[in-house]
Student: 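Just passing along the structure, written as structure tokens.
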Amino acid sequence: MLTYTFCHIKGISCTAEKRLWDGGIISWDDYLKNNKRFFSYKKDQFIRKQLEISKIALEADSIDFFFSRLSNEQQVRVYPHFKNKMVFLDIETTGLSIKDDSITTIAIYNGHTIKNYINGQNIWNFIGDITKYSILVTYNGTKFDIPFLKKFFGINLNLFHIDLCHVLHNLGYWGGLKECERKLGIQRQIEGIDGVQAVQLWSYYKNINDNSALKQLILYNSQDVLSLEHIIIKAYNKIMKDCPVSNNISLTKQPSLL
DNA sequence: ATGTCCGATGCTCTATGATT
DNA sequence: AATCATAGAGCATCGGACAT
């Protein structure tokens, strides 16, 4: 998995990495045991040293090592190795303005269970729960979810972050979460609700005590975090598609919302 | 030595797409 | 509708590989 990645090393781009793969150098050990030189002596020595350090970093589960060396769109590569430290996150709000609007609900999903947080009920439990994880996965969280969370809770979430919006852009997928899901062939359990309706559902709950509206909002919020897991797997497979051995990881069974 | 080509990197600047 | 981080373009630079 991560041992098939070379583009975290300075001087090796994705195209250079593909040349290695095509030349039969698939894993770090393939490179280290190989006598044929793909680069100049100096560069080759540097790469060997970096691969030895990479092995130690992987052994030590150093997320920081790989995150700091991989470009934003390539950080998805850590998914198989570090998925037990990852959490998918999505928030709902009363609108788009960070100045005027507030968080209504938060959903997080760790690959096994979904947790929901509701403003006015249990929302402050979020802070304690989120610190159990190391990597946050969002869609457009850089510009939306994270600034809202920062303002609402008044703290910086000290987590590594993968924004699948940028990852998909880099893979040529544009058009928002729902549109990208459609293009990727991802099926939702809950259909027919969008962000605007999510705002309305919250106001029904708040203004006329409509508990079924809240329930619907939570389901919608939960669906979005489940979709993020679908997307990261699709993105991972696309990013690694040229690697001769590691492609096609698949989705394990997700919790049912219905 | 010298020239040329190629790949990788690193700036600056601007337009834009995404969230509820 | 409000907002702004980022991708992408354009450009310069640097080092390696290779031919002459």
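Atoms considered below: every heavy atom in the structure, side chains included; atoms not considered: hydrogens, waters and symmetry mates. Below, chains carry the letters A, B, ... as their sequence lines are ordered, and counting in each starts from 1.
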Student: Please state how far atom NE2 in A/His166 lies from atom P in C/dA5, giving the value in whole angstrom units.
Tutor: 10 Å

Student: Measure from CD on A/Gln50 to P on B/dA8 and round the result to the nearest Å.
Tutor: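 After rounding, the gap between these two atoms is 17 Å.
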
Student: Going by the ring pair (Phe, Tyr, Trp, His ring centres under 6.0 Å) test, which pairs reach into residues 161-197 of chain A, not counting sequence neighbours?
Tutor: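 Non-adjacent pairs meeting ring pair (Phe, Tyr, Trp, His ring centres under 6.0 Å): A/His169-A/Trp174.
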
Student: With a cut-off of less than 4.0 Å, is there a side-chain N or O of A/Lys10 near OP1 or OP2 of B/dA8?
Tutor: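 No, no such contact exists.
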
Student: Check DNA chain B against residues 15-22 of chain A and give the residues with a non-hydrogen atom under 4.0 Å, in numerical order.
Tutor: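 Listed by number, they are A/Thr15, A/Ala16, A/Arg19.
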
Student: Could I get the full list of side-chain contact (heavy atoms from CB on, under 4.5 Å) partners for A/Leu219, not counting sequence neighbours?
Tutor: A/Ile190, A/Leu257

Student: Any carboxylate oxygen within less than 4.0 angstrom of a Lys/Arg side-chain nitrogen, looking at A/Lys178 and A/Glu181?
Tutor: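 Looking at A/Lys178 and A/Glu181, the cut-off is not met.
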
Student: According to side-chain contact (heavy atoms from CB on, under 4.5 Å), who are the partners of A/Phe46, at least two apart in sequence or on a separate chain?
Tutor: A/Ile9, A/Lys10, A/Gln50

Student: Any salt bridge (charged side-chain N to carboxylate O under 4.0 Å, His left out) involving residues 70-95 of chain A? Give me the pairs, sequence neighbours left out, ordered by first then second residue.
Tutor: A/Glu17-A/Arg77

Student: For residues 56-63 of chain A, which side-chain N or O atoms pair as donor and acceptor with protein atoms under 3.5 Å away, sequence neighbours left out?
Tutor:
from, atom 1, to, atom 2, distance (Å)
A/Asp61, OD1, A/His81, NE2, 3.0
A/Ser62, OG, A/Phe65, N, 3.2

Student: By nearest heavy atom, map A/Ser97 and A/Asn72 onto DNA chain C; which one lands nearer the 5' end?
Tutor: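 Final value for this comparison: A/Ser97.
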
Student: Where the side chain of A/Lys99 is defined as all heavy atoms beyond and including C-beta, which of B/dT9, C/dG8, C/dA2 is the nearest nucleotide?
Tutor: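 Minimum distance to the A/Lys99 side chain belongs to C/dA2.
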
Student: Specify the separation, in whole Å, of atom NZ of A/Lys150 and atom C1' of C/dC4.
Tutor: 13 Å

Student: At under 4.0 Å between heavy atoms, which parts of nucleotides 15-20 of chain B does protein reach? Answer with one letter per nucleotide, 5' to 3': B base, S sugar-phosphate only, - none.
Tutor: --BSBB

Student: Can you pull the salt bridge (charged side-chain N to carboxylate O under 4.0 Å, His left out) pairs that have at least one residue in residues 108-135 of chain A, sequence neighbours excluded?
Tutor: A/Lys115-A/Asp129, A/Asp129-A/Lys132

Student: Return the polar atom pairs (N/O with N/O) between nucleotides 12-20 of chain C and the protein under 3.5 Å, or none.
Tutor:
from, atom 1, to, atom 2, distance (Å)
C/dA17, OP1, A/Ser40, N, 2.4

Student: Does the pair A/Lys143/A/Asp163 count as a salt bridge with the N-to-O cut at 4.0 Å?
Tutor: no

Student: Round to the nearest Å and state the distance from A/Ile162 atom CD1 to C/dT6 atom P.
Tutor: 14 Å

Student: Can you list every pair that meets salt bridge (charged side-chain N to carboxylate O under 4.0 Å, His left out) and has a residue in residues 209-222 of chain A, with sequence neighbours left out?
Tutor: none

Student: Using atom types as modelled, flag every donor-acceptor pair under 3.5 Å from a side chain in residues 144-153 of chain A to any protein atom, sequence neighbours excluded.
Tutor:
from, atom 1, to, atom 2, distance (Å)
A/Asp145, OD2, A/Ile91, N, 3.1
A/Lys150, NZ, A/Asn156, OD1, 3.4
A/Lys151, NZ, A/Ile98, O, 2.9
A/Lys151, NZ, A/Lys99, O, 3.1

Student: If I take atom NZ in residue A/Lys151 and atom C1' in nucleotide C/dT3, what distance separates them, rounded to the nearest angstrom?
Tutor: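 For the pair A/Lys151 NZ and C/dT3 C1', the rounded distance is 13 Å.
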
Student: Separation of A/Gln75 atom CD from C/dT6 atom C1', in whole Å?
Tutor: 14 Å

Student: Suppose the criterion is salt bridge (charged side-chain N to carboxylate O under 4.0 Å, His left out): which pairs have a residue in residues 191-203 of chain A, not counting sequence neighbours?
Tutor: none

